[in-house]
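Hydrogens, waters and symmetry mates play no part in the numbers below; they use all other heavy atoms, side chains included. Just follow the structure's listing: the first ligand is 1, and inside any ligand the first atom is 1.
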Amino acid sequence: MTDQKTSSSSSAQSNQMWGGRFAAGPDAIMEAINASISFDQRLYAQDIRGSRAHAAMLAAQGILTSKDAEAIREGLLTVLSEIESGKFVFKTALEDIHMNVEARLKEIIGEPAGRLHTARSRNDQVATDFRLWVRDQADAVIGGLLALQKALLAQAEAGADWVMPGFTHLQTAQPVTWGHHMMAYVEMFARDSGRFRDARARMNESPLGAAALAGTGFPVDRHMTATELGFDRPMANSLDAVSDRDFALEFLSAASICAVHLSRFAEELVIWSTAQFRFVTLSDRFSTGSSIMPQKKNPDAAELIRAKIGRILGATVALFTVMKGLPLAYSKDMQEDKEQVFDAADTLMLALAAMEGMVRDMVANRQVLEKAASSGFSTATDLADWLVREAGLPFRDAHHVTGTLVALAEAKGCDLPDLSLAEMQGVNPAITQEIYSVLGVHNSVNSRQSYGGTAPDQVRAQVARWKAILG
Ligand code: ARG
């Protein structure tokens, strides 16, 4: 429906929906700044769903005849199919999706269409539609995160005992396992998923029936429409119901944090896929070539994911800025909420899908990882720990001895295991042949059995736990 035509008719006629007190129609510029139909047409399904629930409730409460309600509900289904088949012509003069749908309903069913807006305002209507839309998107994002987590779990399971360098300050720190590194992101994306779930639970209240701002004198049943639309309950304050967009801000905030995680991981993939690192090979499916340098295989998908945070955070800041300082209740400023959320949601879904694809296809270069893990004196901490455990040195002294050994190895241009026992004992006589057993990277990772540590056993336990949770 995105490629549907929007017809602009700046007729001099006043608006048929609200123009009773207007002698003249809006200036073309007024129409241009006022209309939201070019983007809020994305709410058509939610708008029609909300209107059908409202009509059914009006009939159940005796506010509308069942005959009129039925005509409205059927007519709305016709409008729905017209939109979905691309036949519907969206009109800028009718401002937004709500009035476009209602005007078309009038053309189809005639007089009863004018009764649909009883006990309702566009203020509670748009708040309802938008909540329904954001709720659907939260579900979609949770689904996208789940798929990505499963891709990471598969990598972690395959490489639970593959050794790689762990970094701090992007300097070699201690050996870790590939599986451990993948599982770190499973945890992060799980918290992201939790944030979307929390936001979804909080937003799941119905604004419908709040009317313009004060509620309505008609005997509406807000519980009935809330239930029909899958909300947990009606919102308890009509002013709040039409005024707040905190649900959209929460969605955007959760999206921003998730985008930060994606961006950090993307940055690692960019680094890891360089000729200098060669930790991973990204698939052709998620890479591009250079038009001038034939050897190039660029990690464009990762780079773009790294950049997408800019749009998502931009949308978040934009909506916060729109909302701050608005007096209760509805202000037209709030029409500026939708494009930001639409763009952020689309961007996040695309980034999640691209990341999932990259992770599924990515091949870890096991030998390269292990070689890199063994360099840079990565087991120096293991050496110091051995001196504490086996030779009874205080950790600070052990740290100093180890530092001296590292300096010695560095001067000789070798790694720690390449120093002879005599050289080591020259630095501290308590050192025995046993020390060599802790200098290997596999030994190092195997020893880190603390809960949440990098030992393959620990990683496998976490993989099993997450598999049971994620299904
Ligand atoms: N298009 C409007 C929006 O997105 C709908 C609500 C208009 N309400 C009003 N009182 N003008 O916010």
Check your understanding: Could you go step by step and tell me if Phe247 and Phe130 meet the ring pair (Phe, Tyr, Trp, His ring centres under 6.0 Å) rule?
Key -> CA-CA 9 Å; Phe247 63 95; Phe130 200 31; 5.7 Å; yes

Point to revise | Partner residues of Ser256 under the side chain to side chain donor-acceptor pair (under 3.5 Å) criterion, sequence neighbours left out | key: Thr316

N/O donor-acceptor pairs under 3.5 Å from side chains in residues 217-226, not counting sequence neighbours:
from: Asp221; atom 1: OD1; to: His223; atom 2: N; distance (Å): 3.1
from: Asp221; atom 1: OD1; to: Met224; atom 2: N; distance (Å): 3.0
from: Arg222; atom 1: NE; to: Leu208; atom 2: O; distance (Å): 2.7
from: Arg222; atom 1: NH1; to: Met235; atom 2: O; distance (Å): 2.8
from: Arg222; atom 1: NH2; to: Ser206; atom 2: O; distance (Å): 2.7
from: Arg222; atom 1: NH2; to: Met235; atom 2: O; distance (Å): 3.2
from: Thr225; atom 1: OG1; to: Arg222; atom 2: O; distance (Å): 3.2

Review point. Do Asp337 and Arg245 meet the salt-bridge criterion of a basic N to acidic O distance under 4.0 Å?
Key: yes

Check your understanding: Residues two or more places apart in sequence or in another chain: which of them pass side-chain contact (heavy atoms from CB on, under 4.5 Å) with Ala147?
Key -> Glu356

Revision key, fill the gap. Salt bridge (charged side-chain N to carboxylate O under 4.0 Å, His left out) test vs Asp96 passes for just one of Arg122, Lys91, Arg42, namely Arg122

Review point. So which protein residues pack against ligand 1 under 4.0 Å, heavy atoms counted?
Key: Ser36, Asp40, Asp96, His98, Arg122, Asn123, Val126, Tyr330, Gln335, Lys338

